[in-house]
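Take a look at the structure set out below.
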Amino acid sequence: MPELPEVEITKRILSKHSVNKVIKDIEVRNDNLRYKVSSDFIKIIKGSKIKKILRRSKYILFYLDNNYVVIAHLGMSGKFLLQLNNSNNLLKSSFYFDNAFSKHDHLEFIFSDNTKMIYNDPRRFGFFILDKLSNLKKNKFLRKLGPEPFNKIIQKETTNKMLKSKKNIKNLLMDQTFMSGIGNIYANEILFASSINPNKISSNLNNYETQNLFKNIKIILKKAIKLGGSSIKDFKYLDGKSGKFQNEFKVYNKENLKCPRKGCNGIISRVVSVGRATFFCIKCQK
DNA sequence: CCGTTAACCTGAGAGC
DNA sequence: TGCTCTCAGGTTAACG
């Protein structure tokens, strides 16, 4: 489902409702996620309190008071639902399908105040693993992640890496070891904003293009977070509201439409690169 | 080491 | 209606 902005929004909403709650019990309805939910998952978590929830790249980290951290990834279709005490309805506090499929509610975290946090994931590409707080930096998944896009001090180092890469720039942006958090939608939108052709080989970018690209990475992601992320298909969040950034898409899913750039009357093309739909204007993205 | 491909999985929508 | 086909916000093992 989600890229950095959507995961950030999910994290914020979960933080608001689940921090400082004690996990009374966990019901694992289906442990067959991308990685099998470990057999001691319940044992270790049960009775602990969620101290804080952070995001790293597209991962959500639940810091427990027993020195363990739950590392969750939402894959393509994962989402959280919250069931609050004072309501019979699920608070639509994360991305969900309107006709939520209870058959894909795989994990249910039951808090001591009887509110619930449910993990729903039709495609089951998401996963939950546990690690000790002291081991977090060495964690198999977290250790290979590239820097967060908002990290100011890494730009020089990242630029050097970019100028050495023979990958095309779109695939590089989506490479989580290069920089973490950008997925298919935002890679397309960032490159349009930067007037760079997604097929351009990274090492061929000039100084202006790299500077401009870094600037637009921050602008686009910040704007997306501000607008509550992108809700495509019928994903919604927070009391049934949708994210609003999908209304700002310039090229994603805009095949054959007119290029929205002022003065450019090109047509948006769709090509497939590394198995992912790539949208761009051949006229103004060089 | 590097870059690309296939695979993991379910559901929606298009076309017949 | 129902079948088949394609596509979907991600990651990674395996391959050349």
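To find a chain, count down the sequence lines: A is the first, B the second, and so on, and within it residues start at 1.
Looking at residues 162-176 of chain A, you'll see A:Gln176 sit with a heavy atom under 4.0 Å from some atom of DNA chain C.
Put simply, OH on A:Tyr252 is 6 Å from C1' on C:dG9, counting in whole angstrom units. In this structure, the CG atom of A:Asn253 is 13 Å from the C1' atom of B:dG13, given to the nearest Å. In this structure, the CD atom of A:Glu248 is 19 Å from the P atom of C:dG9, given to the nearest Å. With rounding to whole Å, A:Ile232 atom CD1 is found 11 Å from C:dC7 atom C1'. One can place CD1 of A:Ile185 at 17 Å from P of C:dC7, the figure rounded to the nearest angstrom. Counting to the nearest Å, the C1' atom of C:dG9 and the CD1 atom of A:Ile60 are 14 Å from each other. Protein atom CZ of A:Arg124 is 20 Å distant from nucleotide atom P of C:dG9, rounded to whole Å. Note: NZ (A:Lys79) to P (C:dG10) measures 14 Å, nearest angstrom.
The shortest distance between the side-chain N/O atoms of A:His73 and the OP1/OP2 oxygens of C:dG10 is not below 4.0 Å. Within the structure, a side-chain polar atom (N or O) of A:Lys58 is placed less than 4.0 Å from OP1 or OP2 of C:dT11. Phosphate contact (OP1/OP2 of B:dC9, side-chain N/O of A:His104, threshold under 4.0 Å): absent. Neither OP1 nor OP2 of C:dT11 sits under 4.0 Å from any side-chain N or O of A:Arg276.
At the heavy-atom level, A:Tyr35 lies under 4.0 Å from the strands shown only through sugar-phosphate atoms. Using a 4.0 Å heavy-atom cutoff across all strands shown, A:Lys144 reaches sugar-phosphate atoms only and no base atom. Nucleic acid contact class of A:Phe141 (heavy atoms, under 4.0 Å, all strands): sugar-phosphate only.
An aromatic stacking contact links A:Phe125 with the base of B:dC8, defined here by ring centres under 5.5 Å apart and ring planes under 30° from parallel.
Rounded to the nearest Å, the gap between the P atom of C:dC7 and that of B:dT5 is 15 Å. Between the P atoms of B:dC9 and C:dA14, the separation comes to 15 Å (whole Å). Rounded to whole Å, the P atom of B:dA6 lies 14 Å from the corresponding atom of C:dT6.
For the residue pair A:Asn30 / A:Lys103, no side-chain donor-acceptor distance below 3.5 Å is found, with atom types taken as modelled. Neither side chain, A:Asn197 nor A:Lys170, offers a donor N or O lying under 3.5 Å from an acceptor on the other. Side-chain atoms of A:Ser77 and A:Arg124 include no donor-acceptor pair closer than 3.5 Å. Side-chain polar atoms of A:Ser194 and A:Asn216 form a donor-acceptor pair below 3.5 angstrom. The closest side-chain donor-acceptor pair between A:Ser180 and A:Tyr59, if any, does not fall under 3.5 angstrom. A:Ser203 and A:Lys164 form no side-chain donor-acceptor contact under 3.5 Å, judged by distance and modelled atom types alone.
Each of A:Thr278, A:Asn199, A:Asn184, A:Asn168 was checked for a side chain to side chain donor-acceptor pair (under 3.5 Å) with A:Ser273, and the lone residue meeting it is A:Asn168.
For A:Arg34, counting side-chain heavy atoms from C-beta on, the closest listed nucleotide (B:dC9, C:dT12, C:dA8) is C:dT12.
No path of Ile, Leu, Val, Met, Phe, Trp and Tyr side chains, each step under 4.5 Å between heavy atoms, connects A:Leu130 with A:Leu145, placing them in separate hydrophobic clusters.
With a 6.0 Å radius and a threshold of 12 heavy atoms from other residues, nucleotides or ligands, A:Ile219 has its CD1 atom above the threshold. Counting heavy-atom neighbours within 6.0 Å of A:Lys21 NZ, excluding the residue itself, gives a total above 12.
Secondary-structure stems of DNA chain B, taken as three or more successive Watson-Crick or G-U wobble pairs (i with j, i+1 with j-1) under a 3.5 Å distance threshold, comprise B:2-8 with C:10-16, B:10-16 with C:2-8.
Annotation: salt bridge (charged side-chain N to carboxylate O under 4.0 Å, His left out) contacts involving residues 194-222 of chain A, sequence neighbours excluded, comprise A:Lys200-A:Glu209.
Each of A:Phe279 and A:Val274 was assigned the nucleotide of DNA chain C with the nearest heavy atom; the assignment lying further toward the 5' end belongs to A:Phe279.
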